[in-house]
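One structure is given below, encoded as structure tokens.
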Amino acid sequence: MPQLMAEETFTLNKIFDENINRKLGIALVGLGRYSEEQLGPALKETSYCKLTSIVTGTPSKVEKWTKEYEIPPRNVYNYDNFEKIKENKDIDIVYVVLPNALHAEFVIKAAKAGKHVICEKPMAISAKDCEAMIQACKGANRMLSIGYRLHFEPHNLEMMRLAKQKVFGQVKKVIAEDGMNLPGGTWRTDKELAGGGPLMDVGIYCVQGAIYTLGTNPIAVTAKEGEKTDVERFKEVAQSIAWTMDFGNGVTADCKTSYAENMNLLRAETDKGRFELSPAYAYKGIKGRHEMKDDMYTQPMEVEKIKSQQSIQMDDFAKCIMNGTKTKVPGEMGLRDVKILTAIYEAAKTGKKIPLAL
Ligand code: NDP
């Protein structure tokens, strides 16, 4: 089986040799639901970074945010004057939390303004855009990471450990499902802004979950789009899609995603039984269990308690910048995943098995 992407050398100098006491300043770009309900609150819990700036196209949001997070007026930007962040020393990191199709433009502008970047998933709506984003950050010698919060979540880390250490034997199969019942009429069902439907949005967690559980990249995919029972709501994007990732040596991951059905599962099967998370991809309340054939009982998965995945994720990135070390969720991982999503769409469209060269 192919190994995960080769480690790349990272040449960034430590940015704080002497000034390590200062928390790195983060600018949130796009004050939608994820920023408001998750990232903002998580930034109150971080130790190595804090919210110092906001970028929004909605002036009515400014008062609440600036009051709640004590952000001075000079650190408030909109999408037209965004590039002026270049002159602002209060901003070290730009966190792009916009609709998917806008990620590339703002990541590239942030890098050109000399800022490190966190970009939400999916990294972009095409591999070409992802490559341009990586190049822009490399060219500016800035770090780029993707908002893959589950790489910092104890249950998902435990899935990786159990599989890697073969605690219950070799994982032969992964089952991954992520879906929700989404109301229509938002950018998420607008093909131009979203780039696709549930696969781009939540199905990406199944791709991620299968890969980090198996610790290796898939070599091919097959896929089938589900029937549209609500043609009006899903005029532009798929309602659901099911796909299988082939990891070689008979190891597969069966996955599905939907914008019309609630699902949330990451399961690993071995000869002895299975271990799984359900819900697997939530912000809170993730639960895990082992169910082995020779054991009468289902055992709950015990892991350490954390405050929030997002605060750990953002602190980790800040520490990478401070120490000049690499992030474990780099732009290259975002690019890999967008290549896989693209192949899944192609497989669904053509009915063919699409090989992957990752
Ligand atoms: P929302 O629709 O809640 O917010 C998006 C925000 O983007 C808007 O509020 C607006 O902010 C800004 N925006 C700028 N241009 C547009 C436009 N043309 N149409 C709509 N909004 C626009 O989305 P989310 O916050 O849920 O998602 C944002 C990104 O974060 C997506 O890429 C999504 O995939 C990702 N995400 C990641 C999650 C995770 O767990 N890692 C969870 C949820 C989302 P303003 O008014 O300030 O300009």
Side-chain angles (χ1 to χ4, degrees), residues 27-43 51 53-66 68-69 71 75-82 94-107 109 117-126 129-130 133 145-153 156 178-180 182-209 236-237 257 259 264 279-286 308-314 316-317 329 333-334 337-338 341:
L28 280 181
V29 184
L31 306 179
R33 207 162 157 196
Y34 192 54
S35 287
E36 184 173 359
E37 295 176 9
Q38 304 300 327
L39 297 176
L43 279 161
L51 185 61
S53 168
I54 50 172
V55 183
T56 178
T58 310
S60 59
K61 293 181 182 173
V62 171
E63 189 183 349
K64 178 184 169 289
W65 279 82
T66 49
E68 185 169 350
Y69 293 93
I71 296 167
N75 290 0
V76 177
Y77 297 88
N78 58 48
Y79 304 122
D80 297 325
N81 67 14
F82 174 69
V94 167
Y95 197 149
V96 176
V97 204
L98 293 166
N100 308 341
L102 305 176
H103 291 179
E105 177 188 346
F106 283 87
V107 166
K109 283 182 176 166
V117 191
I118 309 176
C119 177
E120 257 316 317
K121 45 57 52 180
M123 181 173 174
I125 60 168
S126 73
D129 279 355
C130 296
M133 294 153 85
S145 77
I146 309 302
Y148 285 141
R149 58 186 165 79
L150 293 170
H151 287 255
F152 305 91
E153 194 283 319
N156 281 270
D178 196 1
M180 58 182 168
L182 183 93
T186 75
W187 65 264
R188 281 184 160 82
T189 50
D190 174 335
K191 176 99 193 288
E192 207 175 312
L193 278 171
L199 180 64
M200 297 291 279
D201 189 15
V202 288
I204 193 170
Y205 286 110
C206 303
V207 169
Q208 274 269 311
E236 298 189 15
V237 299
T257 186
Y259 264 167
N264 210 311
Y281 317 107
Y283 305 137
K284 285 194 165 71
I286 294 176
S308 77
Q309 302 160 27
Q310 291 87 352
S311 60
I312 302 174
Q313 171 213 326
M314 290 187 278
D316 185 81
F317 189 55
V329 286
M333 184 183 275
D337 294 348
V338 170
L341 300 182

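Basis for what follows: all heavy atoms, side chains included, without hydrogens, waters or symmetry-related copies. In what follows, residues are counted from 1 in the order of the sequence shown. Start at 1 and go down the list; that is how both ligands and their atoms are numbered.
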Where do Phe106 and Tyr95 land on the ring pair (Phe, Tyr, Trp, His ring centres under 6.0 Å) test, with the steps shown first?
CA-CA 9 Å; Phe106 283 87; Tyr95 197 149; over 10 Å; no
Does Lys64 form a salt bridge (charged side-chain N to carboxylate O under 4.0 Å, His left out) with Glu36? I'd like the steps, not just the answer.
CA-CA 11 Å; Lys64 178 184 169 289; Glu36 184 173 359; 3.5 Å; yes
Lys121 vs Asp201, test: salt bridge (charged side-chain N to carboxylate O under 4.0 Å, His left out). Steps then yes/no.
CA-CA 7 Å; Lys121 45 57 52 180; Asp201 189 15; 3.1 Å; yes
Please walk me through it: do Thr186 and Arg33 pass side-chain contact (heavy atoms from CB on, under 4.5 Å)?
CA-CA 12 Å; Thr186 75; Arg33 207 162 157 196; over 6 Å; no
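The protein non-hydrogen atom at the shortest distance from atom 12 (C) of ligand 1 is Tyr79 OH, 3.4 Å. Given atom 18 (N) of ligand 1, the protein heavy atom at minimum distance is Leu193 CD1, 3.9 Å. Counting only heavy atoms of the protein, atom 29 (C) of ligand 1 lies nearest to Leu98 O, 3.3 Å. Looking at atom 25 (O) of ligand 1, its nearest protein heavy atom turns out to be Tyr34 N, 3.0 Å. Looking from atom 32 (O) of ligand 1 to the surrounding protein, the closest heavy atom is Asn100 OD1, 2.8 Å.
A donor-acceptor contact closer than 3.5 angstrom is absent between the side chains of Tyr281 and Asn156. Remark: the Tyr34 side chain and the Gln310 side chain contain an N/O donor-acceptor pair separated by less than 3.5 Å. Inspection of the Gln208 and His151 side chains reveals an N or O donor paired with an N or O acceptor under 3.5 Å.
Within the 4.0 Å heavy-atom shell around ligand 1 one does not find Tyr281. Look at Gln38 and you'll find every heavy atom at least 4.0 Å from all atoms of ligand 1.
Annotation for ligand 1: atoms under 4.0 Å from non-hydrogen atoms of Thr56 are 45 (P), 46 (O), 47 (O), 48 (O). Ligand-side atoms of ligand 1 in range of Arg149: 39 (C), 40 (O), 41 (N), range being under 4.0 angstrom from any heavy atom. Interface of His103 with ligand 1, defined as ligand atoms under 4.0 Å from a residue heavy atom, comprises 32 (O). Contact atoms of ligand 1 toward Trp187: 1 (P), 2 (O), 20 (C), 23 (O), 27 (O), 31 (C) (distance under 4.0 Å to a heavy atom of the residue). Those atoms of ligand 1 that come under 4.0 Å of a heavy atom in Val97, given as number and element, are 28 (C), 29 (C), 30 (O). Interface atoms of ligand 1 facing Gly147, defined by a heavy-atom separation under 4.0 Å, are 41 (N). Atoms of ligand 1 lying under 4.0 Å from at least one heavy atom of Lys61, given by number and element, are 9 (O), 11 (O), 45 (P), 46 (O), 47 (O). Taking a cut-off of under 4.0 Å to the non-hydrogen atoms of Tyr283, the atoms of ligand 1 that pass are 40 (O), 42 (C), 43 (C).
Where the criterion is an N or O separation shorter than 3.5 Å, residue side chain and backbone included, Leu102 fails it with respect to ligand 1. An N or O contact shorter than 3.5 Å links Leu31 to ligand 1 by distance. Of the N or O atoms in Pro122, none lie within a sub-3.5 Å distance of an N or O in ligand 1.
Taking CG from Leu28 and OG1 from Thr56, the interatomic distance works out to 10.5 Å, rounded to the nearest 0.5 Å. Residue Met180 holds its CE atom at 5.5 Å from CZ of Arg188, rounded to the nearest 0.5 Å. For the atom pair SG of Cys130 and NE2 of His103, the computed distance is 10.5 Å after rounding to the nearest 0.5 Å. The line from CG of Leu31 to OG1 of Thr58 is 7.5 Å long, rounded to the nearest 0.5 Å. Distance SG/Cys206 to CG/Leu341: 10.5 Å, rounded to 0.5 Å.
Summarising the contacts of atom 27 (O) of ligand 1 with Glu192, Arg188, Arg33, the nearest heavy atom is found in Arg188. Nearest residue to atom 22 (C) of ligand 1 from Gly32, Pro99, Ser35 is Pro99 (criterion: closest heavy atom).
Atom NZ of Lys191 has 12 or fewer neighbouring heavy atoms from other residues, nucleotides or ligands inside a 6.0 Å radius.
Contacts between Lys121 and ligand 1, counted as non-hydrogen atom pairs separated by less than 4.0 Å, involve both the backbone and the side chain. Residue-level proximity to ligand 1 for Tyr205 is carried by the side chain, the only part with a heavy atom below 4.0 angstrom. Residue contacts with ligand 1, taken as heavy atom pairs separated by less than 4.0 Å, involve Glu120 solely via side-chain atoms from C-beta onward. With a 4.0 Å heavy-atom cut-off, ligand 1 is reached by no atom of Tyr148.
The side-chain heavy atoms of Ile118 and Gln313, taken from C-beta on, include a pair separated by under 4.5 Å.
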